[in-house]
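Notes for the one structure printed next.
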2 protein chains.
Amino acid sequence: MKGIRQLAEQLDISIGTVSRALNGKPDVNDETRRRVLAAAEELGYVANQSGRSLRQGETKVIGLMIESSAEAVENADNFFLGVISGLQSVFARHKLDLIMLPCPSDEDPHEYLKRMVARRIVDAMIISNTQRIDRRIDLLSRAKIPFVAVGRSVSASNSPWIDLDFEGVADRAVERLIARGHRRIAITAPSSEVNLGYVFLDSYRRALERHDIAFDPSLVIRVRSSEQGGYQAAHELLLLEERPTAVILIYELMAIGLYRRLMESGVIPGRDLAVIGFRDAPRAQFLQPSLSCFRMSLYDLGAALGRMLLANMPAYREVYPDEACNIIWPLELTPGESDAFQVGAMV
Amino acid sequence: MKGIRQLAEQLDISIGTVSRALNGKPDVNDETRRRVLAAAEELGYVANQSGRSLRQGETKVIGLMIESSAEAVENADNFFLGVISGLQSVFARHKLDLIMLPCPSDEDPHEYLKRMVARRIVDAMIISNTQRIDRRIDLLSRAKIPFVAVGRSVSASNSPWIDLDFEGVADRAVERLIARGHRRIAITAPSSEVNLGYVFLDSYRRALERHDIAFDPSLVIRVRSSEQGGYQAAHELLLLEERPTAVILIYELMAIGLYRRLMESGVIPGRDLAVIGFRDAPRAQFLQPSLSCFRMSLYDLGAALGRMLLANMPAYREVYPDEACNIIWPLELTPGESDAFQVGAMV
DNA sequence: ACGCACTCCGTAAACGTTTACGAATGGTGG
DNA sequence: CCACCATTCGTAAACGTTTACGGAGTGCGT
């Protein structure tokens, strides 16, 4: 099947009519339309995307840019795999397709995105792993490509983003720990480049101050957000002169490495050290003692993300009129055994 | 920047010359070319992909079809994230871009692929999670789209594929365990639909027969290849009347759930039960006792996959003349503590 | 002075769609 | 019988690019 021309020839109809029939335009006879659709089905005709895009200036494709960095591989982050289902559930309603654009680890994300955008391969973009200052946001704004960022950014003053409720998590984690008598609460954070670390720490700090607990920089453990990082975090924790009684992990998976290092030194999570995790990583559910952790539905997050994006695309705006421009995604605490003790209480 | 026409106008050159200059065609003056390239750079011009594809019938894009099923999310499989780096390292040399096509979980993979192929959005495809009988292979063959399958298939008699060395792993695992005195060796496998399970089991069976050990179907544990599945596998293992002394896991991550369930019953891996894993999942490296596991380089696998694909594309065939059509990818054993004991030996 | 080769560039067609426009037909009301 | 509308379809232009073809200019050998 070469193209619409062949199909039209076969049916002895003009290509214009065939096109209209296939695209559900009004001015075509019902019988004719039936014949066209039947023939297209039989011959397996599907419109060539290049021709269509060229003509109407849109591709019906949404791009999701991800990074295949070594760290991402190490983390084996299922975040986007989960989010994608939610995204697709929304996109499918509008016959939009989602493709993932993995930025090569040796290419500058900004340059990569620039290339992809200029090629006009997608109508809109979702970018992730947003940095505090992220030139990709300016790029997309200037190019007038609808987009949504996963993760807030200072560049994104008035552009749409969705982000996890880091403040709420840090806040509630600190409150919960303090209520159980903890005073020395450690926290992990990634390098300050990444935006989420900043917000997370800030909220942690304010929560402490509310309870007149001085912020102690030595309790901020800067490690990678991976199991390896968790292992290292535990290591550094154990080296501290005045050992904390609790630790908040910015990434759930870190608990696996952390537990291991603690066990090696005979420190038992949930008895000698309270541990609270964050985000969603199914595999950490098998830890013992079970991890207290803030979790969420990746599917729902994806669906919200999809709606937000469509609300920013001229062609779909009216379908999603009241979509919020920014969302701080709430998380729910799944209580576990890892922080189920009072400080000073007899065991 | 609208298009090549604007650029040509700006430079007061015809669009033909501009196109030739940008594409490195020979018949254009050096000075002219310099000017064109400079102007393109300055104005941020990049050729519209739709126009280009339409004209030359190719997109310079390779598609990698993945599945975002619930199981995939649960596994949080880093397999493709790792493989992608290797793929891109090869593709980058030919200015090819890789996009990932996530098949919605509620759509038939075959129909999805059909849609994507018909749209002519990619020049070639990599398909994964190949089933024993996989109609996608016929589809691609008939459509004459170059492709490589990750995972062998009976449909793919003479089409290119790459697969892990399941035979070798099962074989060596059994040999290793038998050498340490094991006679009752359990093995996990996914539902028989998936091709890899079939091959894995078959090799396991043959290895046993070589040592005159009768194949016992009750020792084949059919569970999902996830942590959850590992937990369940351990559970079923413990219920067996005559408990095996060793178990081979088809997926490394299962060890995490398996360990947990074993521990709950006071059964210690590496002392009461030997455990050997398979494939690459960095997070399982933190298990204690450490897991004996067959591993590989995802990057190298990706690079080989990329070369194999290019060797099957007319435009690049001559660059990779001696690329094998089928590869069984070898894995190396990383010895750990989980199988470091002799059956019957005093502890 | 002429032919020839070579370099550089402009012209125009082609890729496969969609869609604005208008033509043809049939029906209806006056 | 005419004017008018509705329905249905064909025609042709347009989207942005690449490329075959040929023309203009220059240099060189005869």
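All chains are named by letter (A, B, ...) in the order of the sequence lines, taking the proteins before the strands, and each is independently numbered beginning at 1.
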Taking the minimum atom-to-atom distance to the side chain of [X], which one of [options] wins?
X: A:Thr32; options: D:dT8, C:dT17, D:dT17; result: D:dT8
X: A:Tyr45; options: C:dA20, D:dT19, C:dT17; result: C:dT17
X: A:Asn48; options: C:dT11, C:dT17, C:dT19; result: C:dT17
X: B:Arg20; options: C:dT17, D:dC9, C:dG10; result: C:dG10
X: A:Gln56; options: C:dT18, D:dT19, D:dC9; result: C:dT18
X: A:Ser19; options: D:dT17, C:dT18, C:dT17; result: C:dT18

Heavy atoms of other groups near A:Glu41 CD, more than 12 under 6.0 Å: no
State whether the number of non-hydrogen atoms from other residues, nucleotides or ligands found under 6.0 Å of A:Glu323 atom CD is greater than 12. yes
So which heavy atom on B:Ile4 is nearest to which on B:Ile15, and how close? CD1-O, 3.8 Å
For C:dT18, take OP1 and OP2 only and decide whether either is under 4.0 Å from a side-chain N or O of A:Lys25. no
Can you find a side chain N or O atom of A:Thr17 that sits less than 4.0 Å from OP1 or OP2 on D:dG10? yes
Mind checking if B:Ser53 touches a base, just sugar-phosphate, or nothing, with heavy atoms under 4.0 Å? nothing
Quick check: on DNA chain C, is the nucleotide nearest B:Val28 upstream (toward 5') of the one nearest A:Arg52, or the reverse? Name the residue that is more 5'. B:Val28
Would you mind telling me which residue lines up with the more 5' stretch of DNA chain C, B:Ile13 or B:Leu54, judged by nearest nucleotide? B:Ile13
Tell me: [atom1] of [X] to [atom2] of [N], nearest whole Å?
X: B:Arg55; N: C:dA13; atom1: CZ; atom2: P; answer: 13 Å
X: B:Asn29; N: C:dC6; atom1: CG; atom2: P; answer: 18 Å
X: B:Gln6; N: D:dC15; atom1: CD; atom2: P; answer: 11 Å
X: B:Glu31; N: C:dT7; atom1: CD; atom2: P; answer: 18 Å
X: A:Lys60; N: C:dT18; atom1: NZ; atom2: C1'; answer: 13 Å
X: B:Asp27; N: C:dT11; atom1: CG; atom2: P; answer: 16 Å
X: B:Glu58; N: C:dC15; atom1: CD; atom2: P; answer: 16 Å
X: A:Ile4; N: D:dA14; atom1: CD1; atom2: C1'; answer: 15 Å

Pairwise side-chain contact, A:Ser89 with A:Tyr299, heavy-atom cut-off 4.5 Å (strictly under): yes
Exam field: side chain A:Asp123 to backbone A:Ile62, donor-acceptor pair closer than 3.5 Å: no
